[in-house]
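This is a predicted model, so every value here is computed, not measured. Index from 1, following the sequence.
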Amino acid sequence: MKVTKQNMNLKKTLDEYSKSNMYPFHMPGHKRNLDGVYKIDMTEVEGVDDLHDPSDVIAGEQEKMARLFGADESFILVGGSTVGNLAAIYAACQEEDKIIIQRNSHRSVYNGAMIRNLKVEYLNPKLDEQGIYEAVTPEMVEKALQENTDAKAVVITSPTYEGYHTNLEIIAKICHEKNICLIVDAAHGAHLGFHSEFKHRATEFADITVQSLHKTLPSLTQTAALHIKGKIADGRKIREALDIFETSSPSYVLMNSVSECLDYLEKSVDSFDNYVENLKDFYSKCGELKHLKVVDEDSEIKDPGKIIISTRQTNVTGIELARILREKYELETEMSSFAYVLAMTSVMDTKTGFDRLANALIEIDKSLELGTFEFPSIYIRSTKKMEMFEAKAKGSRVIDLQDSINHVSAAMVCLYPPGAPVLVPGELITTEALELIKKAKNVGIHVTGLSGNGVSVVN
């Protein structure tokens, strides 16, 4: 698409428009008469382009995004990776096609499959010693495709919520030999590829890559991107799907944030160098911990920016460690689970921040005792009785959790974050799943999808 405004980006365009004498007899209702971001909160008027039909400055931003991320075509998203996952699955599959996804996919992937009435088969990655899902392997994908020759798409998560990478090059080759669309939920990987220590950028190999800019880059919450590479994914269908799932009133405040983020990435070499040095210094300082363990995997296996602090060999849970960090040291972590805490970092973190976390962990470590915390496995051996869309089409009722074993779930029940389901509509509720839900609630992990002490089951 030809961009008519030369040497302009959306940030500059909105800034100039906000200073003009143009009076707004149009939405939004604040009329730009309030300070702060209200001044650039626009609607699709002449001069600021239209996200759903870009031909000017927004088109230019998307071209710039594709260049920076190594894609053939890129789309700005203002509804998070959730919108990207929904659109990608909708565009790649037809009604009642078969799709292969990770069992620990984000719930938006499940919702995408359910909305499209897809038949779902699973990839089941292993757990590491902290009880964290590792990455899917190429062998798992190859086996699943051999067993499901009618599959139309494969959706994998790389990096995972905790930062584990898979070998996307080999997986892409396996999929492409069979002309199968590879969709990568890389919500946590927007920063990959901007430094040699941040490896396995999905856009190099996946047909469709979905990224949350706001998770690991300097951009506002809800900002994300969808990228296309190669000839398998159909850009026209992606645009149609985005018209369905994304708001028809996209926020110019959020798009302005994307514009600023892209500008930052063009000049980010020194910043990423400093980030890597800060991470190396942090891991070095935490290398002498006696009870806590900071998981320090090779960057080929795991993103070093996702700091996993294991409490497995201590007398406290991950939930308790997170509480101590919050209440005593004023350090708020991303999430905590049975035996670990996840601290998310980004290129915007300061050396002072890293030092505060390292010093807090060193001090806490001295107060802990050795122990072996027996934590439940989050691995679910699921039994599918019907497809998700079939379960949702049937009537349902809420029953007490205690009475739900051997009923078919009508609910999607997740440990949140990260939002991977324990129960999926259409699956048999097992003793194993019920015990995991109970133990999660007992230690203070947030469980979504329940109705009080009950769960929705298929009639």
Using a distance-only test with no angle check, is there a side-chain donor-acceptor pair under 3.5 angstrom linking [X] and [Y]?
| X | Y | value |
| --- | --- | --- |
| T216 | S346 | no |
| D207 | H176 | yes |
| Q211 | H188 | no |
| Y329 | E363 | yes |
| N104 | Y379 | no |
| D273 | H195 | yes |
| E240 | Y90 | no |
| E96 | N117 | no |
| D263 | N9 | yes |

Requested in this report: Applying side-chain hydrogen bond (donor to acceptor under 3.5 Å, both in side chains), run through S219 and S257 and close with a yes or a no.
Outcome: CA-CA 5 Å; S219 197; S257 176; 3.1 Å; yes

I'd like to know if the side chain of [X] reaches the main chain of [Y], judged simply by a donor and an acceptor atom lying under 3.5 Å from each other, with no hydrogens or angles considered.
| X | Y | value |
| --- | --- | --- |
| T223 | L213 | no |
| S20 | Y17 | yes |
| E427 | S382 | no |
| D185 | S105 | no |
| E246 | D243 | no |
| T149 | Q146 | no |
| R32 | I40 | no |
| S337 | A339 | no |
| S251 | V253 | yes |
| R201 | H191 | no |

Kindly indicate whether the side chain of [X], heavy atoms from C-beta on, has any atom under 4.5 Å from the side chain of [Y].
| X | Y | result |
| --- | --- | --- |
| T311 | L292 | yes |
| L220 | H214 | no |
| T13 | E61 | no |
| L123 | I101 | no |
| I308 | E297 | no |
| I58 | L10 | yes |
| V141 | T137 | no |
| L325 | E330 | no |

Is it the case that over 12 heavy atoms from other parts of the model lie below 6.0 angstrom from the [atom1] atom of [X]?
| X | atom1 | value |
| --- | --- | --- |
| K11 | NZ | no |
| E288 | CD | no |
| E266 | CD | yes |
| K64 | NZ | yes |
| K126 | NZ | no |
| E46 | CD | no |

Just how far is it from atom [atom1] of [X] to atom [atom2] of [Y], taken to the nearest 0.5 Å?
| X | Y | atom1 | atom2 | result |
| --- | --- | --- | --- | --- |
| L242 | I76 | CG | CD1 | 11.5 Å |
| I100 | I183 | CD1 | CD1 | 11.5 Å |
| L357 | I307 | CG | CD1 | 5.5 Å |

Report task. Can you run down the ring pair (Phe, Tyr, Trp, His ring centres under 6.0 Å) pairs that involve residues 215-235, sequence neighbours left out, and say none if there aren't any? Result ->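 Every pair satisfying ring pair (Phe, Tyr, Trp, His ring centres under 6.0 Å) with a residue in residues 215-235: F69-H227.
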
Requested in this report: Under the side-chain hydrogen bond (donor to acceptor under 3.5 Å, both in side chains) rule, what do S271 and Y264 come out as? Steps first, then yes or no, please.
Outcome: CA-CA 9 Å; S271 297; Y264 180 88; 3.1 Å; yes

Query raised in the report: Parallel, tilted or perpendicular for F272 and F198, by the 30°/60° rule?
Result: perpendicular

Report task. Test the R103-Y122 pair against the cation-pi criterion, namely NZ or CZ under 6.0 angstrom from the six-membered ring centroid and within 45° of the ring axis. Result -> yes

Requested in this report: Any chance you could lay out the side-chain contact (heavy atoms from CB on, under 4.5 Å) test for N148 and L145, step after step, and finish with the verdict?
Outcome: CA-CA 5 Å; N148 298 277; L145 289 177; 5.8 Å; no

Report task. Run the numbers on Y275 and T345 for side-chain hydrogen bond (donor to acceptor under 3.5 Å, both in side chains), then give the verdict. Result -> CA-CA 9 Å; Y275 179 27; T345 69; 2.7 Å; yes

Report task. Answer yes if the ring centres of Y161 and Y133 are under 6.0 angstrom apart, and no otherwise. Result ->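 No - the distance between ring centres of Y161 and Y133 does not fall below the 6.0 Å cut-off.
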
Query raised in the report: Looking at Y416 versus H446, is the centre-to-centre ring distance below 6.0 Å?
Result: no

Quick one: do [X] and [Y] make a salt bridge, cutoff under 4.0 Å?
| X | Y | value |
| --- | --- | --- |
| E147 | K143 | yes |
| R326 | E332 | yes |
| E204 | K229 | no |
| K302 | D298 | no |

Requested in this report: Dump the intermediate steps for side-chain hydrogen bond (donor to acceptor under 3.5 Å, both in side chains) on D303 and H165, then the final yes or no.
Outcome: CA-CA 7 Å; D303 173 10; H165 301 297; 5.5 Å; no

Report task. List for me each residue that meets side-chain contact (heavy atoms from CB on, under 4.5 Å) alongside A391, sequence neighbours excluded, and say none if there are none. Result ->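 Counting only residues at least two positions away or on another chain, A391 forms a side-chain contact (heavy atoms from CB on, under 4.5 Å) with M386, P425, V458.
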
Requested in this report: Output all residues satisfying side-chain contact (heavy atoms from CB on, under 4.5 Å) with Q94, sequence neighbours left out; order by chain, then residue number.
Outcome: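 side-chain contact (heavy atoms from CB on, under 4.5 Å) check on Q94 returns D97, R116, K237.
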
Report task. Please step through salt bridge (charged side-chain N to carboxylate O under 4.0 Å, His left out) for the pair R239 and E73, ending with a clear verdict. Result -> CA-CA 11 Å; R239 283 185 283 274; E73 187 173 7; 2.5 Å; yes

Report task. Could you give me the CA-CA distance, side-chain angles and deciding distance for S336 and L321, then say whether side-chain contact (heavy atoms from CB on, under 4.5 Å) is met? Result -> CA-CA 8 Å; S336 53; L321 176 59; over 6 Å; no

Report task. Under the salt bridge (charged side-chain N to carboxylate O under 4.0 Å, His left out) rule, what do E142 and K173 come out as? Steps first, then yes or no, please. Result -> CA-CA 10 Å; E142 187 162 38; K173 184 178 179 182; over 6 Å; no

**Report entry** salt bridge (charged side-chain N to carboxylate O under 4.0 Å, His left out) between D150 and K119, worked out
**Finding:** CA-CA 10 Å; D150 53 343; K119 300 170 185 176; over 6 Å; no

